[in-house]
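Below is one structure, written out as structure tokens, with a few remarks after it.
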Amino acid sequence: MPKIVAANWKMNLRRQSAVELAWALKSDGRKCWLFPAFPHLAPVHDALIGSELTLGAQDVSPDADGACTGDVSAEMLADTGCTLVLVGHSERRHGHGETAELLARKLKRALEAGLKPLYCVGETLEQRKAGKAQAVVKDHLSTLAGTEGIAAVAYEPVWAIGTGETATPGQAAEMHAFIREELKKLGLRLPILYGGSVKPENALELMSHPDVDGVLVGGASLELTSLRAIDDAAREIE
Ligand code: PGA
């Protein structure tokens with residue numbers, strides 16, 4: 001299976017720079033998954049027409065259309081051309097106190113609207129040091145029980161996100177193998193991406209392991225040259 005390269009642009013870029021990046025990736029014939037900020041979804045969607053790039057949102061409301069000021073419903077995202085949505089990112093779990101119960105509602109809403117969630121899991125440094133990394137990840141994965149239509153799982157150790165510190169290929173491979181086993185118990189067969197300070201320098205080594213089906217890239221996805229280099233690494237392995 002071809003390796004997946006997903007770009008999480010987070011709260012970065014401007015309308016023009018996001019569209020330019022999308023255009024450049026399109027003219028390059030890339031097949032990445034792009035997650036721009038909400039205001040950039042529509043213009044990026046238009047730029048992607050005729051390409052093999054896939055559009056996703058970074059968040060989704062747990063509620064259906066209605067009186068939810070500031071929220072964006074799953075149907076609105078689908079209507080804007082999104083096919084994917086991030087759920088469970090640590091910047092939402094920890095930064096916004098999103099609970100397992102809330103994430104389950106988001107997953108349900110996304111799936112009902114035909115969106116495919118990219119579901120993120122991962123432990124904090126404290127949890128890893130306490131020997132609880134697998135227990136935490138297992139707990140995060142339990143939210144997927146009974147679901148159908150998930151795009152992929154991303155293992156993102158919180159201590160590696162935006163810190164420049166990457167999990168070693170060994171650490172990533174070990175957790176990916178564990179996740180695969182846990183997913184099997186839930187009756188799920190999904191691609192498992194690694195995320196957390198992925199860069200052109202480490203992408204090839206990380207993705208070389210058969211249990212690493214791709215990468216979810218934050219910081220390094222904001223620059224065309226680094227995103228291209230990471231995607232080139234993915235293509236090299238195919
Ligand atoms: P990073 O972010 O590549 O900047 O560490 C990854 C992510 O949070 O998805």
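Both ligands and their constituent atoms are indexed starting at 1 by order of listing. Any value given below was found using the heavy atoms of this structure, including those in side chains, with hydrogens, waters and symmetry copies removed.
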For ligand 1, is Cys120 a contact, meaning one of its heavy atoms is under 4.0 Å away?
no

Could I get the full list of side chain to side chain contact (heavy atoms under 4.5 Å, CB included) partners for Leu21, not counting sequence neighbours?
Trp9, Leu13, Leu224

Can you report which non-hydrogen protein atom sits closest to atom 7 (C) of ligand 1, along with the distance?
Glu156 OE2, 3.1 Å

Would you mind listing which atoms of ligand 1 come within a distance below 4.0 Å of any non-hydrogen atom of Ser197?
1 (P), 3 (O), 5 (O)

For atom 2 (O) of ligand 1, what's the nearest protein heavy-atom neighbour? Residue, atom name and distance, please.
Lys10 NZ, 3.1 Å

Specify side chain, backbone, both or neither for Ile161, according to which of its non-hydrogen atoms lie closer than 4.0 Å to ligand 1.
both

For Ala160, the atoms of ligand 1 under 4.0 Å from one of its heavy atoms are 5 (O)

If you measure every N or O of Gly162 against every N or O of ligand 1, does any of those distances drop under 3.5 Å?
yes

Quick one: name the residues clustered hydrophobically with Leu86, using the 4.5 Å side-chain heavy-atom rule over I, L, V, M, F, W, Y, and just say none if it's on its own.
Ile4, Trp33, Phe35, Leu84, Leu118, Leu193, Leu216

Do any N or O atoms from the side chain of Asn202 and from the backbone of Lys199 form a donor-acceptor pair under 3.5 angstrom?
yes

The reported gap from CG in Asp232 to CD1 in Ile230 (rounded to nearest 0.5 angstrom) is 10.0 Å

Which of the atoms in ligand 1, numbered in the order shown and given with their element, are less than 4.0 Å from a heavy-atom of His89?
7 (C), 8 (O), 9 (O)

Under a 4.0 angstrom heavy-atom cut-off, which atoms of ligand 1 come close to Gly219?
1 (P), 3 (O), 4 (O)

Only heavy atoms of Gly196, strictly under 4.0 Å: list the atoms of ligand 1 that pass.
5 (O)

Taking atom 3 (O) of ligand 1 as the reference point, the nearest protein heavy atom with its distance:
Gly218 N, 2.8 Å

Ligand 1 to Asn8, heavy atom cutoff 4.0 Å, flagged ligand atoms 9 (O)

Under 3.5 Å, is there a donor on one side chain and an acceptor on the other for His89 and Glu156?
yes

Give a yes/no verdict on whether any heavy atom in Ala220 is under 4.0 Å from an atom of ligand 1.
no

Any luck finding a side-chain donor-acceptor pair between Ser226 and Glu223 under 3.5 Å?
no

Met175 and Glu123: which non-hydrogen atoms are nearest, and at how many Å?
CE-OE1, 4.0 Å

Just do the side chain to side chain donor-acceptor pair (under 3.5 Å) check on Tyr155 and Gln171 with the steps written out, would you?
CA-CA 11 Å; Tyr155 168 56; Gln171 283 170 324; over 6 Å; no

